[in-house]
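In what follows, a structure is listed as structure tokens, so that the remarks can point back to it.
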Amino acid sequence: LESISENIVDGITGPLFYFSIFGLTGAFVYRTVNTADSMIGYKTEIFRNIGWFAANCDKVLNFIPSRLTSLVMVFSCIILREDWKNSIHIMKRDGPKTESPNAGYPMATLAGALGIKFEKMEHYVLGDGNSEITERHFKSAISIMKMTTILFVLFFTIPMILSLSYLGWWFNV
């Protein structure tokens, strides 16, 4: 479930965000940086220099999409009748607790919505609920992911493309 929540940004809304503004080039650059971070952005001696660069570029590129996605996830929870009030509370309280300045926000939002706890020993605890995960949690997480994607496209991607197209900028990218 942690992976689902974090990868909503990495695999769906982040690329859509940069596609909306910079077209295919923006989505491609975003995914390249994100993939480089996941492959070599580790704190090991062999990848220290190049991994540091990939990780920090990813942090910068994900700053807005991670927070925007978390807010859209809250609206998804409202539509799907999940605990949206707790998702906001846990997002604000626990979002900054992860080592990554961005990954914690969607993870905390999902933990709050589902009333569960995500824990990485000696690193973070997100949420107040039980760590016991059921099939219902997985089904709800997938529904939230799908609804978040739909709402992100409707409320951000399409309006941004239309606005930039109207200004004549988007098609010149």
Side-chain angles (χ1 to χ4, degrees), residues 1-41 51 53-84 87-88 90-92 94-114 118 126-127 137-173:
L1 291 177
E2 290 176 61
S3 182
I4 288 171
S5 61
E6 186 177 358
N7 284 302
I8 291 172
V9 178
D10 290 345
I12 302 170
T13 59
L16 284 171
F17 180 86
Y18 286 101
F19 172 77
S20 302
I21 299 169
F22 302 109
L24 286 174
T25 303
F28 177 78
V29 168
Y30 172 82
R31 283 303 304 142
T32 301
V33 168
N34 189 264
T35 301
D37 177 45
S38 67
M39 292 176 65
I40 59 172
F53 184 75
N56 282 295
C57 286
D58 189 65
K59 285 178 190 175
V60 170
L61 290 177
N62 271 324
F63 187 84
I64 295 172
S66 68
R67 286 150 181 82
L68 185 58
T69 300
S70 296
L71 293 174
V72 175
M73 286 173 74
V74 171
F75 287 109
S76 297
C77 292
I78 293 169
I79 292 169
L80 296 170
R81 300 176 193 257
E82 297 291 345
D83 191 350
W84 64 272
S87 71
I88 292 172
I90 300 299
M91 174 186 62
K92 288 197 283 190
D94 295 349
K97 288 185 177 179
T98 59
E99 187 177 348
S100 163
N102 302 316
Y105 286 91
M107 289 168 40
T109 304
L110 187 65
L114 300 180
F118 295 147
L126 309 176
H137 291 118
F138 283 103
K139 288 180 178 180
S140 294
I142 297 297
S143 294
I144 291 170
M145 178 185 68
K146 289 176 180 178
M147 184 60 67
T148 299
T149 301
I150 292 166
L151 293 178
F152 195 91
V153 168
L154 290 175
F155 296 137
F156 182 80
T157 305
I158 292 173
M160 183 62 73
I161 290 171
L162 291 175
S163 297
L164 293 175
S165 295
Y166 179 76
L167 296 173
W169 184 69
W170 198 79
F171 287 108
N172 291 325
V173 172

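Since this is a predicted model, take the numbers as computed values, not measurements. Every heavy atom of this structure was used, including side-chain atoms; hydrogens, water molecules and symmetry mates were not.
- Of the inter-residue distances, the one linking Ser38 atom OG with Arg31 atom CZ reads 7.0 Å to the nearest 0.5 angstrom.
- Interatomic distance, Leu61 CG to Ser66 OG, rounded to the nearest 0.5 Å: 11.0 Å.
- Remark: Tyr30 engages Tyr18 in a ring pair (Phe, Tyr, Trp, His ring centres under 6.0 Å) (not counting sequence neighbours).
- Separating the OG atom in Ser140 from the CG atom in Leu1 is a distance of 9.5 Å, to the nearest 0.5 Å.
- Applying the side chain to side chain contact (heavy atoms under 4.5 Å, CB included) rule to Phe28 yields the partners Thr32; only residues at least two apart in sequence or on another chain are considered.
- Considering only residues two or more places apart in sequence or on other chains, Lys146 meets the salt bridge (Lys or Arg N to Asp or Glu O under 4.0 Å) condition with none of them.
- A search for side-chain hydrogen bond (donor to acceptor under 3.5 Å, both in side chains) contacts involving Ser76 returns Thr148, not counting sequence neighbours.
- By the salt bridge (Lys or Arg N to Asp or Glu O under 4.0 Å) test, Glu6 pairs with no residue at all, sequence neighbours left out.
- Going from atom CG of Leu164 over to atom CD1 of Ile21 covers 7.0 Å, rounded to the nearest 0.5 Å.
- Nearest heavy atoms, Arg67 versus Asn62: NH1-O, 4.5 Å.
- Considering only heavy atoms from C-beta on, Ile12 comes within 4.5 Å of Met145 through its side chain.
- Every residue two or more places apart in sequence or in another chain that forms a side chain to side chain contact (heavy atoms under 4.5 Å, CB included) with Phe53 is listed here: Cys57.
- With rounding to the nearest 0.5 Å, the separation of CG in Asp10 from CD1 in Ile8 is 10.5 Å.
- By the side chain to side chain contact (heavy atoms under 4.5 Å, CB included) test, Phe75 is found to be paired with Ile78, Leu151, residues two or more places apart in sequence or in another chain being considered.
- Residues Ser87 and Cys77 approach most closely at OG-SG, 4.5 Å, considering heavy atoms.
- Closest heavy-atom contact between Ile144 and Met73: CG2-CE, 4.2 Å.
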Side-chain donor-acceptor distances from residues 106-114 under 3.5 Å, at least two apart:
unit_1	atom_1	unit_2	atom_2	d
Thr109	OG1	Tyr105	O	2.7

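- Every residue meeting the side chain to side chain contact (heavy atoms under 4.5 Å, CB included) condition with Thr157, not counting sequence neighbours, appears here in chain and number order: Leu16, Ser20, Phe152, Val153, Ile161.
- In this view, Asn7 and Ser3 satisfy the side-chain hydrogen bond (donor to acceptor under 3.5 Å, both in side chains) rule, not counting sequence neighbours.
- With sequence neighbours left out, the salt bridge (Lys or Arg N to Asp or Glu O under 4.0 Å) criterion links Asp94 to Lys97.
- Atoms OG1 and CZ, from Thr98 and Phe118 in turn, are 12.0 Å apart once rounded to the nearest 0.5 Å.
- Inter-residue side-chain proximity for Phe155 and Val72 is flagged as unmet; no heavy-atom pair is nearer than 4.5 Å.
- Taking the side-chain hydrogen bond (donor to acceptor under 3.5 Å, both in side chains) definition, one finds that Thr149 meets it with nothing, sequence neighbours left out.
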